[in-house]
**Q** 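Before anything else, here's the structure in question.
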Amino acid sequence: MTTSPAAPPSPAGPPARDHGRAGRNLPAAVASAVVLLAAIASSLVFWKTAFMLIVVVAVVVAVWELHKGFSAKGIDLPEQPLMVGGAVMVVVAYFWGTDALVTATAVSALVVMLWLLRRGVAGYVQNATASVFTLLYVPFLGSFVALMLAEGGSTGFDRFDQGVKGVLTFILVTVASDTGGYAAGVLFGKHPMAPVISPKKSWEGFAGSLVFCVAAGVALVVLMLDGDWWVGVVLGLIAVVMATLGDLCESVIKRDLGIKDMSQIVPGHGGLMDRLDSLLATIAPIWLLLHVTVFA
């Protein structure tokens, strides 16, 4: 009995690199994080208002990424009014506070809906709904960073005032959540938290985030903000819960859109929204907590 010769293997592209349980290119991810944190720290130390430029750029890039992601489902966001409206919301929040932010958000939403009228009836509700969602998800939540920074005054401020300290606290405690969750998840992760939504997120990782967040919260509030230790505990608890929810919500959005990352603009991390998800989710409650208990 004879056998026919095996068919030659079909040509294939280079295999995807396996990054193990980390799930990402760790050296590239670390390098990108260092560059981003250095840019943030430099702007805050040099002239804190310059940090608003970074926030505005982040809002614009995030809107572009969401436009790109939503297009996979046939949803066409109007980039121009969303970008302009988002930038205005950040600026007015910094200089004129919460009342101005609420007004700018309402006006921006109405302008976006009017802008979409130019396209006609077909798809109006879908595109308008996604646009208002984008407006609230990115620039509105991002504007709370501006509110935090303005705690020390938007003009005539000291170089290292309460606003700068608040922003650094918010960023570092959120980084602690991501770092603790990542480390504990890679080393000990066995029990998935939400296997359908985010298979690599585990309860062990959540425990690591909890420990890191509370420790960082207490240290930052006591040593940097001169606040009470219990505020740091509450800060850490808020950060770990909201950062986890933000990450899960972003994962749900990507799964619904059928994409892995929003883009590849940040080496080792994917899209900017893949890094902003935790920050956007944590900033509003952290600002309120510090505004009432520390900055009042």
Side-chain angles (χ1 to χ4, degrees), residues 28-68 79-80 82-97 100-101 104-105 108 134-155 157-178 220 224 239 243 246 250 262-284 286-287 290:
V30 172
S32 298
V34 169
V35 171
L36 291 173
L37 289 174
I40 291 170
S42 299
S43 64
L44 290 173
V45 170
F46 173 68
W47 184 47
K48 79 172 190 177
T49 306
F51 179 61
M52 287 298 95
L53 178 60
I54 295 178
V55 178
V56 168
V57 170
V59 166
V60 169
V61 172
V63 169
W64 170 76
E65 287 187 342
L66 286 174
H67 174 269
K68 181 173 177 289
E79 290 179 289
Q80 294 86 350
L82 284 173
M83 290 177 176
V84 173
V88 170
M89 288 162 62
V90 170
V91 173
V92 301
Y94 178 69
F95 285 106
W96 294 290
L101 171 59
T105 303
S108 297
T134 298
L135 200 68
L136 294 175
Y137 185 29
V138 179
F140 179 72
L141 292 179
S143 293
F144 280 84
V145 179
L147 294 176
M148 179 78 84
L149 190 62
E151 287 290 344
S154 55
T155 58
F157 45 79
D158 296 328
R159 174 156 294 188
F160 198 57
D161 64 10
Q162 293 288 67
V164 173
K165 294 177 183 179
V167 169
L168 290 175
T169 297
F170 143 70
I171 292 175
L172 291 176
V173 77
T174 308
V175 169
S177 174
D178 288 343
L220 290 166
M224 185 179 291
E250 180 73 7
M262 285 296 182
S263 75
Q264 294 297 325
I265 198 170
V266 184
H269 291 276
L272 186 61
M273 278 300 300
D274 298 301
R275 293 299 91 204
L276 290 180
D277 51 9
S278 299
L279 294 168
L280 290 173
T282 57
I283 179 56
I286 287 180
W287 168 77
L290 296 182

**Q** Could you pull out the closest heavy-atom pair between Lys48 and Tyr94, with the gap in Å?
**A** CE-OH, 3.5 Å
**Q** With side chain to side chain contact (heavy atoms under 4.5 Å, CB included) as the test, would you mind laying out the steps for Leu136 and Leu141 before giving the verdict?
**A** CA-CA 6 Å; Leu136 294 175; Leu141 292 179; over 6 Å; no
**Q** How many angstroms lie between CD1 in Ile171 and CG in Leu44, if you round to the nearest 0.5 Å?
**A** 6.5 Å
**Q** After noting the C-alpha distance and the side-chain angles of Val59 and Met83, does the key distance pass the side chain to side chain contact (heavy atoms under 4.5 Å, CB included) rule?
**A** CA-CA 7 Å; Val59 166; Met83 290 177 176; over 6 Å; no
**Q** By the definition side-chain contact (heavy atoms from CB on, under 4.5 Å), identify the one residue from Val90, Thr105, Leu135 that meets it with Phe140.
**A** Thr105
**Q** How far apart are the closest heavy atoms of Met52 and Ala146, and which atoms are they?
**A** SD-CB, 3.6 Å
**Q** Which pair of heavy atoms, one from Val138 and one from Leu280, lies closest together, and at what distance?
**A** O-CD2, 3.8 Å
**Q** Please check: side-chain N/O of Glu65 versus main-chain N/O of Met273, any donor-acceptor pairing under 3.5 Å?
**A** yes
**Q** Taking everything shown except Phe46 itself, do over 12 heavy atoms lie less than 6.0 Å from its CZ?
**A** no
**Q** Using the side chain to side chain contact (heavy atoms under 4.5 Å, CB included) rule, take Leu149 and Phe157 through it: C-alpha gap first, then chi angles, then the decisive distance, then the call.
**A** CA-CA 10 Å; Leu149 190 62; Phe157 45 79; over 6 Å; no
**Q** Hey, could you give me the CG/OG1 distance between Leu66 and Thr134, rounded to the nearest 0.5 Å?
**A** 5.0 Å
**Q** Once rounded to the nearest 0.5 Å, what's the spacing between atom CG of Leu272 and atom CE of Met262?
**A** 11.0 Å
**Q** Taking all atoms of both residues into account, what is the closest heavy-atom pair of Phe170 and Leu279, and its distance?
**A** CE1-O, 3.5 Å
**Q** Identify the heavy atoms of Met148 and Ile286 that sit nearest to each other, and give their distance.
**A** CE-CG2, 3.8 Å
**Q** For the atom pair OG1 (Thr174) and CZ (Arg275), what is the distance rounded to the nearest 0.5 Å?
**A** 11.5 Å
**Q** Any donor-acceptor pair under 3.5 Å linking the side chain of Ser154 with the backbone of Ala150?
**A** no
**Q** Roughly how far apart are Glu151 CD and Asp161 CG, rounded to 0.5 Å?
**A** 9.5 Å
**Q** Might you work through the side chain to side chain contact (heavy atoms under 4.5 Å, CB included) test for Ser278 and Asp178, ending with a clear yes or no?
**A** CA-CA 8 Å; Ser278 299; Asp178 288 343; 3.5 Å; yes
**Q** Give every residue pair that meets the side-chain hydrogen bond (donor to acceptor under 3.5 Å, both in side chains) criterion with at least one member in residues 84-93, sequence neighbours excluded.
**A** none
**Q** How long is the straight-line distance from CG of Leu168 back to CZ of Phe160, given to the nearest 0.5 Å?
**A** 5.5 Å
**Q** Would you mind reporting whether Phe51 and Val45 have side-chain heavy atoms less than 4.5 Å apart?
**A** no
**Q** What heavy-atom pair brings Val55 and Val145 nearest, and what distance separates the two atoms?
**A** CG2-CG1, 4.1 Å
